[in-house]
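Letters A, B, ... are given to chains in the order of the sequence lines, protein chains preceding strands, and every chain is numbered from 1.
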Amino acid sequence: GAVVSQHPSRVICKSGTSVKIECRSLDFQATTMFWYRQFPKKSLMLMATSNEGSKATYEQGVEKDKFLINHASLTLSTLTVTSAHPEDSSFYICSLPDTPRTDTQYFGPGTRLTVL
Amino acid sequence: KQEVTQIPAALSVPEGENLVLNCSFTDSAIYNLQWFRQDPGKGLTSLLLIQSSQREQTSGRLNASLDKSSGRSTLYIAASQPGDSATYLCAVVSTGRRALTFGSGTRLQVQP
C-alpha cells in the first residue's frame, strides 16, 4: 500500500514564527490530500483539502491566511502555520485517499507542533 | 453536517475480557466506516474498514459491525490484552465527501 511521510515529526518554535510541515506520498500520485489536526485528548478534525494545481478548500472556522497550503506536485503538499501562537500547538496529520471512491485513506505519522 | 459520537469515552477492563466499543453517526448516507487505533503521541493505525454495503468485518480478535440505517457501528474486541490499550477512533466517509469525519474516541486501558 501507499506510504505517506511527514516532516518534521516534531517541532518546537517560538511564538510568532512560521512553521512548514511537509506531507509526501511515496508510492503513488495524489491529486488530493487532507490535513487534519488533533488537540490534546481530542479527536481529529479536518482542516482543509489540498488540491494539486488549485487552491485548497478550507473547513469552516479554519483561517486560510494562517494555515497556508501548497499542493505543488502530485506527491507533495505543505502546510505552513504562519505567525504561530501557543493555541496552534497541536498534532497535524495528513492523509491521502486511495481511489476516487475513497475506499482507503493512508495517513502520515503526524507532526507534533509545540509553540512556546 | 455529519457528527460521529463514541461511547464510552474511556474504559478500563481486566485482561481477558471481551469488550464492545460503540460508535454512532447522524447521517446514514456514508461510503464507508473505519475503525482506527491511536497510541499516545502517535499516528493512526487502520484496523477495519466496512463498506456501506457490508454488515461486518473481522480481523483476528477484532470484529466490527455496521448498521447503516440506524447509524451505528460496534467494535468487538475478544480476549483483550494489555497491548490493546490505546485510543480507538471511529470515522466515516459521507456521501459527497472524501475526507473522514472522526468520533472523539474511546480510551481503552486493559489491566494485566
Side-chain angles (χ1 to χ4, degrees), chain A residues 1-10 21 23 30-52 56-62 69 77 89-114, chain B residues 1-11 21-25 29-54 57 59 64 66 86-109:
Chain A
V3 176
V4 183
S5 69
Q6 275 187 246
H7 177 79
S9 59
R10 181 182 295 269
I21 302 170
C23 176
T31 57
T32 299
M33 297 183 184
F34 301 112
W35 285 96
Y36 298 84
R37 73 178 158 187
Q38 184 179 33
F39 292 108
K41 298 187 177 180
K42 301 291 185 183
S43 191
L44 282 80
M45 299 293 292
L46 179 67
M47 297 176 65
T49 302
S50 173
N51 304 300
E52 190 270 336
T57 306
Y58 290 82
E59 295 298 299
Q60 191 174 8
V62 178
I69 291 174
S77 175
S89 297
S90 187
F91 193 55
Y92 293 88
I93 305 179
C94 67
S95 77
L96 284 65
D98 186 12
T99 71
R101 293 189 302 122
T102 62
D103 286 335
T104 303
Q105 289 202 20
Y106 300 102
F107 283 83
T111 297
R112 171 77 59 193
L113 170 64
T114 303
Chain B
K1 181 184 175 185
Q2 178 73 270
E3 292 184 5
V4 181
T5 304
Q6 290 184 246
I7 54 173
L11 183 63
L21 308 182
N22 296 291
C23 171
S24 61
F25 46 96
I30 64 170
Y31 281 129
N32 59 52
L33 181 144
Q34 203 162 349
W35 283 91
F36 294 89
R37 169 187 173 134
Q38 185 176 32
D39 292 289
K42 302 293 185 182
L44 304 178
T45 300
S46 178
L47 298 174
L48 290 165
L49 170 69
I50 310 178
Q51 302 291 355
S52 61
S53 58
Q54 298 175 324
Q57 282 288 330
S59 176
L66 173 64
T87 295
Y88 290 81
L89 296 166
C90 166
V92 301
V93 176
S94 299
T95 304
R97 285 178 64 86
R98 301 186 69 193
L100 287 157
T101 302
F102 283 86
S104 51
T106 293
R107 197 163 56 255
L108 173 65
Q109 183 80 29

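- Heavy atoms of A:Leu46 lying under 4.5 Å from chain B belong exclusively to its side chain.
- Looking only at heavy-atom pairs under 4.5 Å with chain A, the residue among B:Thr45, B:Thr101, B:Thr87, B:Leu100 that has the most is B:Leu100.
- Side-chain contact of A:Gln105 with B:Gln34: a donor-acceptor pair under 3.5 Å is absent, judged by distance alone.
- Listed by chain and number, the residues in a side-chain contact (heavy atoms from CB on, under 4.5 Å) with B:Glu3 are B:Thr26 (sequence neighbours excluded).
- We find the CG-CD1 distance between B:Leu44 and A:Ile93 to be 4.5 Å, quoted to the nearest 0.5 Å.
- Neither the backbone nor the side chain of B:Gln6 comes within less than 4.5 Å of any heavy atom in chain A.
- Interface remark: A:Gln38 contributes side-chain atoms only to the contact with chain B (heavy atom separation under 4.5 Å).
- Counting all heavy atoms, side chain and backbone alike, B:Ser104 lies closest to A:Ser43 at CA-CB, 3.5 Å.
- Taking the ring pair (Phe, Tyr, Trp, His ring centres under 6.0 Å) definition, one finds that B:Phe36 meets it with A:Phe107, B:Phe102, sequence neighbours left out.
- We find that A:Glu59 and B:Lys1 are not joined by a salt bridge, their nearest charged nitrogen and carboxylate oxygen being 4.0 Å or further apart.
- The shortest side-chain heavy-atom distance between B:Arg98 and A:Thr49 does not fall under the 4.5 Å cut-off.
- Contacts of A:Ser9 with chain B are absent, with no heavy-atom separation under 4.5 Å from either backbone or side chain.
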